2 protein chains.
Amino acid sequence: MDTALRALAEPRRREILRLVWDRERAVGEIAASVGVSQPAVSQHLQVLREAHLVSDRRDGARRLYRARPDTVQALREFLDDYWTSGLSQLRDAAEAAEQSKRSKRRREH
Amino acid sequence: MDTALRALAEPRRREILRLVWDRERAVGEIAASVGVSQPAVSQHLQVLREAHLVSDRRDGARRLYRARPDTVQALREFLDDYWTSGLSQLRDAAEAAEQSKRSKRRREH
DNA sequence: GACTTATATAAGTGTCAACTTATGCCTTGC
DNA sequence: GCAAGGCATAAGTTGACACTTATATAAGTC
């Protein structure tokens with residue numbers, strides 16, 4: 001999970017992840033889009049793959065990559081929990097300061 | 001917003017953000033917890049401050065830091081949009097695959 | 001099998017940033 | 001004012017990493 005966060009910290013990797021989001025793409029295709037060398041893209045894809053953020057499959061001589069919605073979803077939920085747990089603590093503390101309780105139900109949307 | 005993501009990419013900064021999440025803490029207190037030098041903590045806090053992820057106030061000779069829930073909330077919503085927009089694109093692509101057209105318009109955001 | 005195309009890996013380079021120690025700046029207590 | 005505590009800033013070092021070119025591996029074509 002930390003791997004995924006570190007993978008997303010790099011703007012170029014977010015750009016690449018965007019590209020393979022709606023449809024799978026070949027490495028060369030990605031390299032042409034982002035404007036760096038093909039090895040650079042391969043290295044980024046390796047990082048994304050190790051973070052389980054993309055999946056790959058062979059297509060003849062090419063290799064197609066695409067985003068993995070399951071991992072992306074899991075990461076999103078992790079971040080949601082990360083934030084909300086902290087936010088709820090803050091809100092609880094603020095409320096307790098003036099009158100206490102009753103807002104906990106409002107947090108789950 | 002990219003600043004906030006880069007700030008959170010560093011595990012040590014997430015650890016620090018966790019520490020100042022529920023209550024404000026002094027720099028020295030944080031340094032003692034995370035096990036690095038005080039200047040290192042000050043530098044991390046500066047990054048977090050520039051990302052608007054923490055606020056600070058003077059307390060005598062000390063300086064107290066704490067997380068800024070508003071920015072954290074904004075970042076959370078940004079990430080939610082980031083994911084959901086991609087997920088909806090995936091859904092669109094899946095639809096287009098079996099019946100075609102009509103999803104192309106939705107892709108330009 | 002030789003040639004081409006597509007990608008992965010190797011090796012090298014430069015930059016950035018996380019950390020260190022040293023020092024300066026405030027604030028408080030005497 | 002002066003000393004001490006608390007933090008920020010300066011300067012330097014080191015390791016990580018994003019990128020490059022060069023080369024190896026794999027698949028398709030003839």
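The figures here come from the full heavy-atom set of this structure, side chains too, leaving out hydrogens, waters and symmetry mates. Every chain is numbered from 1 and lettered A, B, ... according to where its sequence line falls, protein lines coming before strand lines. A quick note: this is a predicted structure, and the numbers were derived from the prediction, not measured.
In terms of the side-chain hydrogen bond (donor to acceptor under 3.5 Å, both in side chains) criterion, B/Arg12 has no residue partners (sequence neighbours excluded). With sequence neighbours left out, the side-chain hydrogen bond (donor to acceptor under 3.5 Å, both in side chains) criterion links A/Glu29 to A/Arg25. Residues satisfying the salt bridge (Lys or Arg N to Asp or Glu O under 4.0 Å) criterion with B/Arg57, sequence neighbours excluded, are B/Glu24.
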Under 4.0 Å protein heavy-atom contacts per nucleotide of nucleotides 1-16 of chain C, with B for base, S for backbone only and - for none: -----SBBBB------

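Under 3.5 Å, the side chains of A/Gln46 and A/Ser42 contain no donor-acceptor pair of N or O atoms.
Annotation: salt bridge (Lys or Arg N to Asp or Glu O under 4.0 Å) contacts involving residues 39-49 of chain A, sequence neighbours excluded, are absent.
What separates CD of B/Glu50 from P of C/dA18 is a distance of 12 Å, to the nearest Å. Atom CZ of B/Arg13 is separated from atom C1' of C/dC19 by 12 Å (rounded to the nearest Å). Counting to the nearest Å, the P atom of D/dG15 and the CZ atom of A/Arg6 are 17 Å from each other.
Remark: A/Ser37 is not in phosphate contact with D/dC19, judged by side-chain N or O atoms under 4.0 Å from OP1 or OP2.
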Table please: side-chain donor-acceptor pairs of residues 1-11 of chain A below 3.5 Å, with sequence neighbours left out.
from, atom 1, to, atom 2, distance (Å)
A/Asp2, OD1, B/Arg14, NH2, 2.1

